[in-house]
Participant: 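Submitted below is the structure of interest, expressed as structure tokens.
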2 protein chains.
Amino acid sequence: MYLRNNITRLLQYRSCLTKFQELGFETIYSYNLGKHIGVSAEQIRKDFSKFNIRGNKKAGYNIEEIITAINKIFKKNSPQNVLLIGYGNLGQSLMKYKGFSGNMFHIKAVIDIDPSKHKRKTLIPVLSPEKAPEIIKKNGIKIGILAVPDVAAQEMCNLLIKAGIKGILNFSSLVLKAPEDIQINNINLGNELEAIFYHIQLKQKTN
Amino acid sequence: MYLRNNITRLLQYRSCLTKFQELGFETIYSYNLGKHIGVSAEQIRKDFSKFNIRGNKKAGYNIEEIITAINKIFKKNSPQNVLLIGYGNLGQSLMKYKGFSGNMFHIKAVIDIDPSKHKRKTLIPVLSPEKAPEIIKKNGIKIGILAVPDVAAQEMCNLLIKAGIKGILNFSSLVLKAPEDIQINNINLGNELEAIFYHIQLKQKTN
DNA sequence: GCATTTATGTTAATATAATCACAATAAAAG
DNA sequence: CTTTTATTGTGATTATATTAACATAAATGC
């Protein structure tokens, strides 16, 4: 089935392999990794092969090697600065979120239109939209996390792109209009839930 | 390109069409809708055709009809009860999130293992895991939103499935093990960000 | 050191999705 | 009423992804 694309799968492989590594394993077979992730062994070998990750016939893959290779694919040498736009309910949660604020990403600043939310002296400052271009340029920020209400999303998107941002993680339910060379990934929480409902119904029908 | 599957697209169509409707439009052409969403007109006609949504040659599609049809596909007659597991940083944010707590979904209760977080008298009560089965059965809840740390995710998943839950929206970075008939959708915020980085690099290389 | 075993890596086959091309047809124009 | 025009709906084509099949090679056992 067509559930995930190979880029997403690579990240899942790494996440799973890190856990195996912590448990003391040094090598793994495509079959075992696949069973843990819910992907066929052939799929894993194909993915590895495509990104030139090589194993040892009979002895499987070296976990350390795979992780290093995947990190290289994602250029995971240094933590990357990102800009968070929107310091509302979701924005505040994302700021504290471990997956973002952990070792891989660093939220350099938060942008919000509401002056009462601005804080200049905190570890992660909350600033007005006018400050965004300066922050983006000074820190070479490439990615913005857009967590603002739909009504403000396109305007903030335009501002970010004008300031040099190349990728946006969009939490609004709007389909943002942007040039071809800007990478936009959408997370629509409401739609995800509805999709689950749909699939549940489908499964119940077929049984 | 293979960006979204047709179920996700249907939800995007509805979201966009609702906005058109609010602006006073009554009909729409596949071409216009496609331009707004970033999908080809043929794709839209194929999707509509597949779900038996019919238009009028030369006059396009009736917006009201499409929305009604999509709602029917997703059984959007009555709001659905869901259970939120995890009242931490992300969980609290999700509880207040409009897309969930709006008119489509109703979070009936929140489950958290930490007794200091329990609140029985609030509009949405925060309860211990032991209460989950009762709540699920009494309210016919089919879906759980899992927003707990990785270490607790599988255990809570098992609890939910045992209590009769059929679908899980999983925010942990774990790949949950569950029977085939349980629908699990994963949202991994960290991976989403990394995927954007990858795509940006790719685009820069090819230019 | 040779045979056996078992995993990889890749080519071929299959399945699925997106795009193209165009016939069908409803509305509008003349 | 006839012709023109524009849009739908779908079969054919192309592209992409997944699965199957199997040759290859490393490790193990004898």
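To find a chain, count down the sequence lines: A is the first, B the second, and so on, and within it residues start at 1.
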Participant: In whole angstrom, what separates A/Tyr29's OH from D/dA26's C1'?
Facilitator: 11 Å

Participant: Does B/Tyr13 have its ring centroid less than 6.0 Å away from the ring centroid of B/Phe20?
Facilitator: no

Participant: If you compare every side-chain N and O of B/Ser30 against the phosphate oxygens of D/dT8 (OP1, OP2), does one of them come in below 4.0 Å?
Facilitator: yes

Participant: D/dT19 base to A/Lys46 side chain: any donor-acceptor pair below 3.5 Å?
Facilitator: yes

Participant: Can you tell me how far C1' of D/dA21 sits from CD of A/Gln43, to the nearest Å?
Facilitator: 16 Å

Participant: Would you indicate what A/Tyr61 reaches in the nucleic acid, counting non-hydrogen atoms under 4.0 angstrom: base, sugar-phosphate, or nothing?
Facilitator: sugar-phosphate

Participant: Quick check on D/dA27: is either OP1 or OP2 less than 4.0 Å from any side-chain nitrogen or oxygen of A/Asn56?
Facilitator: yes

Participant: Rounding to an integer number of Å, can you tell me how far B/Lys35 NZ sits from D/dT7 P?
Facilitator: 12 Å

Participant: Considering heavy-atom distances to DNA chain D, does B/Ile28 or A/Ala59 have its closest nucleotide positioned more toward the 5' end?
Facilitator: B/Ile28

Participant: Could you tell me the separation between the CD atom of B/Glu42 and the P atom of D/dA12, rounded to a whole number of Å?
Facilitator: 17 Å

Participant: So, OP1 or OP2 of C/dT19: does either fall under 4.0 Å of a side-chain N or O from B/Ser40?
Facilitator: yes

Participant: Quick check: any donor-acceptor pair below 3.5 Å linking the side-chain of B/Lys57 to the base of D/dT7?
Facilitator: no

Participant: Tell me: CZ of A/Arg9 to C1' of D/dT16, nearest whole Å?
Facilitator: 12 Å

Participant: With nearest nucleotide decided by heavy atoms, which residue, B/Lys58 or B/Phe48, maps closer to the 5′ end of DNA chain D?
Facilitator: B/Lys58

Participant: Is it the case that the side chain of A/Asn170 and the backbone of A/Asn185 share a donor-acceptor pair, with hydrogens and angles ignored and the cut-off at 3.5 Å?
Facilitator: no

Participant: Using a strict threshold of under 4.0 Å (side-chain N to carboxylate O), is an ion pair present between A/Lys75 and B/Glu194?
Facilitator: no

Participant: Could you tell me whether B/Phe48 and B/Tyr61 have their ring centroids closer than 6.0 angstrom?
Facilitator: yes

Participant: Provide, to the nearest angstrom, the distance between the CZ atom belonging to B/Arg45 and the P atom belonging to C/dC22.
Facilitator: 14 Å

Participant: Using a 3.5 Å distance criterion without hydrogens, assess whether the side chain of A/Asn139 forms a donor-acceptor pair with backbone atoms of A/Ile141.
Facilitator: no

Participant: Rounding to an integer number of Å, can you tell me how far A/Arg54 CZ sits from C/dT10 P?
Facilitator: 4 Å

Participant: Could you state the CD1-P distance from A/Ile7 to D/dA17, rounded to the nearest angstrom?
Facilitator: 11 Å

